[in-house]
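Presented below is the structure to which this report refers.
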Amino acid sequence: AETSNGAKIFEANCASCHIGGGNILISQKTLKKEALSKYLENYNSDSIEAIIHQVQNGKNAMPAFKGKLSAEEILDVAAYVFQNAEQGW
Ligand code: HEM
């Protein structure tokens with residue numbers, strides 16, 4: 001996956017709520033490794049798939065991006081989130 005494209009997709013679609021890997025609506029549910037491991041279902045067994053699932057379907061106050069972003073764009077942004085979670089944003 002292309003993480004530079006992922007960065008652009010993140011800025012355009014995610015940063016409004018997740019600036020710096022945070023979460024402006026539910027402060028503990030950040031995109032940091034510790035939070036993803038704790039709150040995101042299946043993150044510990046298949047991290048990229050778990051992020052893709054959340055982006056496609058949304059959850060509570062987070063909108064679904066299926067139909068808004070292509071499958072390739074969702075993969076790119078998921079890879080970007082995973083890489084930043086590993087690197088500590
Ligand atoms: C949660 C990714 C866009 C609001 C999450 C989580 C991920 C994620 C991976 C799980 C975090 C955790 O449980 O610790 C993304 C990506 C986005 C995006 C990649 C862009 C494609 C947005 C936007 C909003 C938003 C635009 C606000 C309108 C939320 C909220 C949660 C959340 C409220 C917590 C959901 C819950 O468990 O109740 N996001 N997000 N997200 N996101 Fe996003």
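Ligands are counted one by one from 1 in listed order, and the atoms in each one are counted from 1 as well. Please read all numbers here as calculations on a predicted model, not as lab measurements.
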For I26, the ligand 1 atoms with a heavy-atom partner under 4.0 Å come out as 38 (O)

Exercise for review: Could you tell me whether the side chains of N13 and K68 share a donor-acceptor contact shorter than 3.5 Å?
Suggested key: yes

Checked atom 43 (Fe) of ligand 1: protein N, O or S atoms closer than 2.8 Å come out as H18 NE2, M62 SD

Atom 38 (O) of ligand 1 sits nearest the protein heavy atom N60 ND2, 2.7 Å

Atom 13 (O) of ligand 1 has as its nearest protein heavy atom Y39 CB, 3.3 Å

Taking distance alone, with no angle check, do T30 and ligand 1 share an N/O pair under 3.5 Å? yes

Note: ligand 1 atoms sitting under 4.0 Å from heavy atoms of L36 are 9 (C), 11 (C)

The closest protein heavy-atom partner of atom 26 (C) of ligand 1 is N13 O, 3.4 Å

Exercise for the section: Please work out whether the ring planes of Y43 and F82 are parallel, tilted or perpendicular, with thresholds of 30° and 60°. Expected result: tilted

Ligand 1 atoms nearer than 4.0 angstrom to some heavy atom of A35 are 14 (O)

**Prompt:** In terms of heavy-atom contacts, does CD of E41 have more than 12 from other residues, nucleotides or ligands at under 6.0 Å?
**Reply:** no

Quick note on ligand 1: atoms under 4.0 Å from a heavy atom of F65 include exactly 3 (C), 20 (C), 21 (C)

Taken in chain and number order and not counting sequence neighbours, the residues that satisfy salt bridge (Lys or Arg N to Asp or Glu O under 4.0 Å) with E86 are K33

### Heavy atoms of other groups near I19 CD1, more than 12 under 6.0 Å
no

